[in-house]
Amino acid sequence: MARRGGRATSRIPGEMSQVARWCACLLVLCSAAQAGLYTASDQIVLLSPDSVEAVMVNSTAAVLAEFYASWCGHCIAFSPVYKSLATDIREWKPAVQLAAVDCAAEENRKLCTDFSIRAYPTIKFFHAYSKADSTGASFRASSHDVAVLRHRVIDKLENHQEPWPPACPPLEPTSQAEIDSFFETNNVQHLALIFEDSKSYVGREVTLDLLQFENVAVRRVLSSEEALVNKLQVTEFPSCYLYSAAGNSSRLRVNMEARVFYSYALQRLPGVVRSGKPPPVNEAVLINRTEEQWRPFNRSRVYMADLESVLHYSLRVELAAHTLIRGQDLTALRKYISVLTKFFPGRPVVMNLLDYVNTRLQNHTDKEISYETFREWLDNTDQSADTALPEGVRWVGCQGSQPHLRRYPCGMWTLFHVLTVQAKSIGGTDPQEVLSAMRNYVHSFFGCRDCAEHFEIMARESLVEVNTFPAAVLWLWSRHNRVNNRVAGALSEDPNFPKVQWPSPEMCPTCHTVKENGEHRWIPEQVLPFLLSHFSSSSILTDYLEDEDHILKKQQEKHEGRQRALEAQKHLDRNTREALDSIPHPLPPKPTLQEEEEEEEEEEEEEEEEEKAPQETKPWPKREVGVAGVQRRRRASFVGVRMRELQEEIVDLDMFVNQHYGAKALASNRVKRRSLQRNKDREPGPVFGLGIELDAGLGMVALQPVEQDYEPDVGRRRKRELTGRFYNREEERGHGGRWMSALSIGFSRVDVSLCVILYFLSSMCLLAMYLFFKNRLRLRRFKVSLT
Ligand SMILES: Cc1cc2nc3c(=O)[nH]c(=O)nc-3n(C[C@H](O)[C@H](O)[C@H](O)COP(=O)(O)OP(=O)(O)OC[C@H]3O[C@@H](n4cnc5c(N)ncnc54)[C@H](O)[C@@H]3O)c2cc1C
Ligand SMILES: *[C@@H]1O[C@H](CO)[C@@H](O)[C@H](O)[C@H]1NC(C)=O
Ligand SMILES: *[C@@H]1O[C@H](CO)[C@@H](O)[C@H](O)[C@H]1NC(C)=O
Ligand SMILES: *[C@@H]1O[C@H](CO)[C@@H](O)[C@H](O)[C@H]1NC(C)=O
Ligand SMILES: *[C@@H]1O[C@H](CO)[C@@H](O)[C@H](O)[C@H]1NC(C)=O
Ligand SMILES: *[C@@H]1O[C@H](CO)[C@@H](O)[C@H](O)[C@H]1NC(C)=O
């Protein structure tokens, strides 16, 4: 590297490097935000001084690298071509990998000088197992035609000197002899033979397109290979035949004799799977899966059940992550609901609900809205007639062969395709309305942030150009296809639903054609009517929809449950208040810490409720209680937890006192009582003797049995925490006098003074213990609040 570096720098004239430096500065100044012309999602490896060695040196694949400067006009003009090339040959990656480096970025300057780059763009071809000092072979980038560039890549690969990239299959034409022995040496199910003339690239392109697929091999046969041509009676060039181990053959049926159609058909032969991907699951097995019932469906149809599921998920689950919605997000939500209200082709109950929510939302003039309020509208807590959004999801057309595949994102795409088509057929006012609502929703709320970013880039790029309703439909279709292209083969791809450029040739044969040069071309005049019909409201199937009456009944039950819960809460509050007045009071059941945790878990689980969940009526529906209710219950039970801790402490102390000192219950009770009380809560009593001081604030409590001792205190404390008011002082004062008189009944003065002495001694002792236990208690309390 150092050797090349030295050599290269010396060759560059001073002026050039001056220019480069100037350009680098310019770049840093003007385009700090978007560095370079390519991003990581372009199927192009972005080279940097750190990665260059790992990517280029001793690589098992050949590397095609573009050296560009982001400010150079030619480079900017060429970048869409290079991106298209990358997408076009993305299946060839194990044999040839595309890379790019921005030489205008200052940190890459040395790298570019090392490779002797003097003009931009420069494309170089590095064969597999290149050495560290290789500067690559030149690669003419004069053409902006992806097909020409692709053919050049093949030429370079074919002229590859040894060692040949191990992943790259043989590209030379095959012969009768090789085919005869093919199945002896290869363990594949299908052999596809592409018959063509010597100038055609189709055979080699299809071979490379199938590079990452198992169980299939492709060979090209020249029209001059008479033995085979005659044997299979081939008359058309190009044409594709499947050849079996038994020696028989059949022609591959395709719409058009072109690369795209061959590749598409071969990739979908039975048994053919993408390498490293699990094979598709048999639908019969899916049906039998126990976790979730599989709903058989027609793959070329749209289902209302998916659309309603998307509404449920986006409004009840995705939005719920935003407790307070304001600013840009609130605008996005308004637009989303407004577009749904206008164009969602839903059934009356759902439309009523959308209308209802929309009216509320448009009428809501605050700058922000809490999700809780929104949720109340969504759940129709006003109980407007015939108004409901079904709870839970039931995916049909968007079912995945695994629980983590398809579903919500699939439904999201479908929903917006339907909305753009509806806007076209109903006739809105603004052709961009649906798309900009989608853009804003995705930007503000869509949980997949990478997706949101990519979508925003696409929208920023070209959404402004959409100025008719058909253009909006086609825009979303073509951007969706771009995403399909990018994520094909990704981990998120369901093996049962491989990503294709949609609609497939089977679905819409007339949508596809080939250009003169054999390149695939969509026919927009055919695609548009197909989309309009596919996503039209009249062709949406209503299978598996939850019954309307059932939805309304469930909503009503839920509402009643909520009312009951509110009543119960009020009742509880009243009881608590009463508990203060009548002090001997049985303990309320104390929720344990564990129960409390379970409650919280349930609360979270509810977010992902499935269709079964809402069917059971809950005696205390948690959601409906509302945030305030939930918090109230939580606090109450937290007090319960603390109470238990205290109780244990009290019992211990009591036993200790009784066993070791035989002290009077009176005294021990006093100490108990004190241990419950926080210092700051205590009124300093009159100071004419410790005993008297200890009396202050004890009231009747001292005469109560241990179990009931803390109850009023708990009542009080709960009250205090809930209402922020203190009730206990007046009561304490009121009871204080009575206690004094009860003490003096039937005792002589000597008894009393003896008592006082004893009392004093034991008090000192107990005070010491009290301090000790109070410290321990505090430590425990602290631990409890931490958990
Ligand atoms: C806005 C958005 C951005 C996304 N970005 C990414 C991303 O960057 N990376 C990523 O990994 N995943 C992304 N996803 C998720 C990904 O696109 C798929 O939705 C997901 O992988 C599920 O795929 P699927 O097989 O169900 O088909 P989907 O692509 O979800 O398509 C759903 C259905 O729509 C139909 N359809 C397919 N293509 C088209 C088309 N071009 N026009 C009209 N209808 C069509 C088909 O019937 C298909 O079954 C994004 C999703 C959304 C909604
Ligand atoms: C290059 O890779 C091959 C195989 O991967 C390995 O045998 C060889 O040692 C490597 N050479 C260098 C210089 O890294
Ligand atoms: C070969 O013949 C068998 C039996 O007739 C048939 O099942 C198979 O599909 C044929 N294979 C090809 C590639 O045509
Ligand atoms: C599905 O389950 C049924 C009954 O349990 C069984 O008879 C059938 O063979 C199963 N089908 C498959 C494909 O496993
Ligand atoms: C699925 O829908 C398509 C398009 O409407 C139709 O042609 C086809 O017959 C349907 N398939 C099944 C199995 O119902
Ligand atoms: C909208 O808000 C106004 C003022 O707050 C209120 O009078 C009116 O009833 C509201 N309309 C609806 C439909 O809620």
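Both ligands and their constituent atoms are indexed starting at 1 by order of listing. In what follows, residues are counted from 1 in the order of the sequence shown. Keep in mind that this is a model prediction, so the values were computed, not measured.
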Can you confirm whether [X] is buried at [atom1], in the sense that more than 12 heavy atoms of other residues, nucleotides or ligands lie under 6.0 Å from that atom?
X	atom1	value
Asn230	CG	yes
Arg253	CZ	no
Gln176	CD	yes
Glu461	CD	yes

Ignoring angles and geometry beyond distance, decide whether [X] reaches within less than 3.5 Å of ligand 1 through its nitrogen or oxygen atoms.
X	result
Arg299	no
His454	yes
Arg406	yes
Asp450	no

Numbered atoms of ligand 1 (with element) below 4.0 Å of Val483, judged on heavy atoms |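 In order of number, 5 (N), 6 (C), 17 (O).
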Which residue owns the protein heavy atom closest to [atom], what's the atom, and how far is it?
atom	result
atom 7 (C) of ligand 1	Arg486 NH2, 3.3 Å
atom 32 (C) of ligand 1	Cys410 SG, 3.5 Å
atom 51 (C) of ligand 1	Trp413 NE1, 3.2 Å
atom 1 (C) of ligand 1	Phe455 CD1, 3.7 Å
atom 28 (P) of ligand 1	His480 NE2, 3.5 Å
atom 3 (C) of ligand 1	Cys451 CB, 3.5 Å
atom 9 (N) of ligand 1	Val487 CG1, 3.3 Å
atom 47 (O) of ligand 1	Trp502 NE1, 3.6 Å

What atoms of ligand 5 come within less than 4.0 Å of a heavy atom belonging to Ser300?
->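 With Ser300 as reference, the close atoms of ligand 5 come out as 1 (C), 2 (O), 3 (C).
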Glu91, Gln267, Glu214 screened by side-chain hydrogen bond (donor to acceptor under 3.5 Å, both in side chains) with Arg274, the one that passes =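 Running side-chain hydrogen bond (donor to acceptor under 3.5 Å, both in side chains) over Glu91, Gln267, Glu214 with Arg274 returns exactly one hit, Glu91.
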For ligand 1, the portion of Phe535 having any non-hydrogen atom under 4.0 Å away =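 Just the side chain.
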Record the part of Asn484 in heavy-atom contact with ligand 1 below 4.0 Å; permitted values are side chain, backbone, both and neither.
->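 Contact part for Asn484 vs ligand 1: side chain (C-beta onward).
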Have a look at ligand 5 and work out which part of Arg299, if any, has a heavy atom under 4.0 Å from it: side chain, backbone, both or neither.
->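 Neither part.
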Which atom names give the shortest non-hydrogen contact between Val500 and Asn484, and what distance separates them?
->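 In this case the closest contact between Val500 and Asn484 is O-ND2, 3.3 Å.
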Of the non-hydrogen atoms in Ala258 and Val514, which two are nearest, and what is the gap between them?
->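 Minimum heavy-atom separation between Ala258 and Val514: CB-CG1, 3.4 Å.
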Check whether NZ of the Lys or CZ of the Arg Arg268 lies under 6.0 Å from the centre of the six-membered ring of Phe213 and within 45 degrees of that ring's axis.
->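 No, a cation-pi geometry is absent between Arg268 and Phe213.
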Quiz item: cation-pi between Arg439 and Phe455, 6.0 Å / 45° |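 No; the conditions do not both hold, so Arg439 does not lie above the ring face of Phe455.
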Of Lys499, Arg407, Glu493, which has the heavy atom at the shortest distance from atom 22 (C) of ligand 1?
->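 It is Lys499 whose heavy atom sits nearest to atom 22 (C) of ligand 1.
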Is the centre of the Trp475 ring less than 6.0 Å from the centre of the His480 ring?
->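 No - the distance between ring centres of Trp475 and His480 does not fall below the 6.0 Å cut-off.
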Looking at residues at least two apart in the chain, or sitting in another chain, which of them share a side-chain hydrogen bond (donor to acceptor under 3.5 Å, both in side chains) with Tyr262?
->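 Listed in chain order: Glu257.
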Is it true that [X] lies under 4.0 Å from ligand 1, counting heavy atoms only?
X	answer
Ser492	yes
Asp494	no
Phe446	yes

If you look at each N/O of ligand 3, which protein N/O atoms lie under 3.5 Å away, and at what distance?
from, atom 1, to, atom 2, distance (Å)
ligand 3, 2 (O), Asn248, ND2, 2.0
ligand 3, 14 (O), Ser250, OG, 3.1

Take the angle between the ring planes of Trp522 and His520 and call it parallel below 30°, perpendicular above 60°, tilted in between.
->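 Because their plane-to-plane angle is over 60°, the rings of Trp522 and His520 count as perpendicular.
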Aromatic rings Phe297 and Tyr303: how do their planes relate, parallel, tilted or perpendicular, breaks at 30° and 60°?
->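 Ring orientation of Phe297 relative to Tyr303: perpendicular.
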Kindly indicate whether the side chain of Asp329, heavy atoms from C-beta on, has any atom under 4.5 Å from the side chain of His322.
->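 They are in side-chain contact.
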Contacts of Glu453 that satisfy salt bridge (charged side-chain N to carboxylate O under 4.0 Å, His left out) - sequence neighbours left out |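 Scan of Glu453 (salt bridge (charged side-chain N to carboxylate O under 4.0 Å, His left out), adjacent residues dropped) gives none.
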Of all residues at least two apart in sequence or in a different chain, which pass the ring pair (Phe, Tyr, Trp, His ring centres under 6.0 Å) check with Tyr408?
->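 For Tyr408 the ring pair (Phe, Tyr, Trp, His ring centres under 6.0 Å) partners, ignoring immediate neighbours, are Tyr313, Phe446.
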